Amino acid sequence: MTRGPWARRISATAVSVAALAALAAPAQAATTSSATASTSASASAAKVDYATWQKDCQTVMDQALPYLKQRIATAEPGEKQAIVFDIDNTTLETDFGFSYPQPANKPVLNVAKYAQEHGVSLFFVTARPGIIYLPTEYNLEHDGYDVSGLYVRGLFDLFKDVSAYKTAQRVDIEHKGYTIIANIGNNATDLSGGHAEKTFKLPDYNGQLS
């Protein structure tokens, strides 16, 4: 059977769900941000269950969507609006998706779709290494995200502080003429450093999720 170009490229990089999860950035303790998910009591000691995680993600996105609707509607003439997303356990169900392509985190995907349908560019800044750039890009697009830009860590980035690395990528996006109207992630390293008008923090349950 003849395989298409995407199948050959993905096969060449030997991608597996386990590898994607293992190469994701290590979990960091959460700090305060513009919007936070309420952590349910059931997620205290044992690893959080999927239903709780989805409910808590929806709580955050229920705060993000009204803000984005208002901000998009009041864009300045010629303003290039952008949203920056983390990937693992933000746009994709990394700790819950046991297949490849990994499923989208639906509450986040719904917000992303509204934004992209209204002219907002979506950028993805991840601590994943560059070796899995292509399968990561394919996964995002397969799930319905319009990828305007995907930033992964190069060799020298692997030795840098994750927060500083991610901040530098947002600066680069701004240098391309975009206004980052929102930054969405589930770890403190995704959101610290500024260069976004508003941040929305998804739950990581004190580092339980990468």
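The figures that follow rest on heavy atoms only: side chains count, while hydrogens, waters and symmetry mates do not. If you're wondering where the values come from, they're calculated on a predicted model, not measured in any experiment.
- Ring geometry for Tyr151 versus Phe123: interplanar angle of 30 to 60°, hence tilted.
- Considering CG of Asn186 and OG of Ser210, their distance stands at 7.0 Å, rounded to 0.5 Å.
- Counting all heavy atoms, side chain and backbone alike, Ser148 lies closest to Ser121 at OG-CB, 3.4 Å.
- Within the model, atoms OG1 of Thr136 and CG of Leu92 stand 8.0 Å from one another, a figure rounded to the nearest 0.5 Å.
- Using cut-offs of 30° and 60° on the angle between ring planes, the pair Phe96 and Tyr50 is perpendicular.
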Check: Can you list the steps and then say if Leu109 with Tyr145 is a side-chain contact (heavy atoms from CB on, under 4.5 Å)?
Finding: CA-CA 7 Å; Leu109 178 62; Tyr145 295 102; 3.7 Å; yes
Check: So His118 and Lys113, side-chain contact (heavy atoms from CB on, under 4.5 Å) or not? Walk me through it.
Finding: CA-CA 9 Å; His118 289 80; Lys113 283 187 171 182; over 6 Å; no
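- Nearest heavy atom pair, residue Pro203 against residue Leu209, reads O-CD1, 3.9 Å.
- To the nearest 0.5 angstrom, Thr91 atom OG1 is 12.0 Å from Ile83 atom CD1.
- Here CD of Gln169 is found 10.5 Å from CG of Leu150. Values are rounded to the nearest 0.5 Å.
- Two residues are said to be in side-chain contact when any heavy atoms from C-beta on lie closer than 4.5 Å; Asp86 and Ile184 fail this criterion.
- Across all their heavy atoms, Tyr165 and Thr126 have their closest contact at OH-O, 2.9 Å.
- With hydrophobic clusters built from ILVMFWY side chains whose heavy atoms lie under 4.5 angstrom apart, Ile180 shares a cluster with Val125.
- Cluster membership check: Met61 shares its hydrophobic cluster with Val120, using side-chain heavy-atom separations under 4.5 Å among Ile, Leu, Val, Met, Phe, Trp and Tyr.
- Within the model, atoms CG of Asp172 and NZ of Lys176 stand 4.5 Å from one another, a figure rounded to the nearest 0.5 Å.
- By the 4.0 Å N-to-carboxylate-O rule, Asp95 lies close enough to Lys47 to be salt-bridged with it.
- With hydrogens and angles ignored, the 3.5 Å screen pairs no side-chain donor or acceptor of Thr90 with any backbone N or O of Ile87.
- Of all heavy-atom pairs spanning Phe124 and Asp146, the tightest one is CE1-O, 4.2 Å.
- Remark: side-chain polar atoms of Asp161 are paired, donor with acceptor, to backbone N or O of Ser163 under 3.5 angstrom.
- Closest approach of Gly185 and Leu191 over heavy atoms only: N-CD2, 3.7 Å.
- The CD atom of Glu76 sits 9.5 Å away from the CD atom of Gln81 when rounded to the nearest 0.5 Å.
- Between Asp143 and Asn139, the closest side-chain pair of non-hydrogen atoms falls below 4.5 Å.
- Between the side chain of Tyr67 and the backbone N or O of Ile181 there is at least one donor-acceptor pair closer than 3.5 Å.
- Lys80 and Glu174 are not joined by a salt bridge, as no carboxylate oxygen comes within less than 4.0 angstrom of a charged side-chain nitrogen.
- The shortest heavy-atom contact between Ala127 and Lys166 is N-CE, 3.9 Å.
- At least one side-chain heavy atom of Ile72 sits under 4.5 Å from a side-chain heavy atom of Tyr114.
- For the pair Arg71/Glu197, a side-chain contact is recorded, criterion being any heavy-atom separation below 4.5 Å from C-beta on.
- Of the possible polar contacts, one joining the Thr94 side chain to the Asn89 backbone as a donor-acceptor pair under 3.5 Å is found.
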Check: Given His195 and Val84, is the side-chain contact (heavy atoms from CB on, under 4.5 Å) satisfied, shown in steps?
Finding: CA-CA 10 Å; His195 298 279; Val84 172; over 6 Å; no
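- Two residues are said to be in side-chain contact when any heavy atoms from C-beta on lie closer than 4.5 Å; Leu140 and Phe85 fail this criterion.
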Notebook entry, point to check: Where do Leu202 and Val108 land on the side-chain contact (heavy atoms from CB on, under 4.5 Å) test, with the steps shown first?
Noted result: CA-CA 9 Å; Leu202 298 166; Val108 175; 3.7 Å; yes
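- Under a 4.0 Å N-O distance rule, the pair Asp190/Lys201 does not qualify as a salt bridge.
- Side-chain contact annotation: Thr52 with Asp49, donor-acceptor N/O pair under 3.5 Å present.
- Judged by distance alone, the side chain of Gln116 and the main-chain N or O of Gly144 form a donor-acceptor pair under 3.5 Å.
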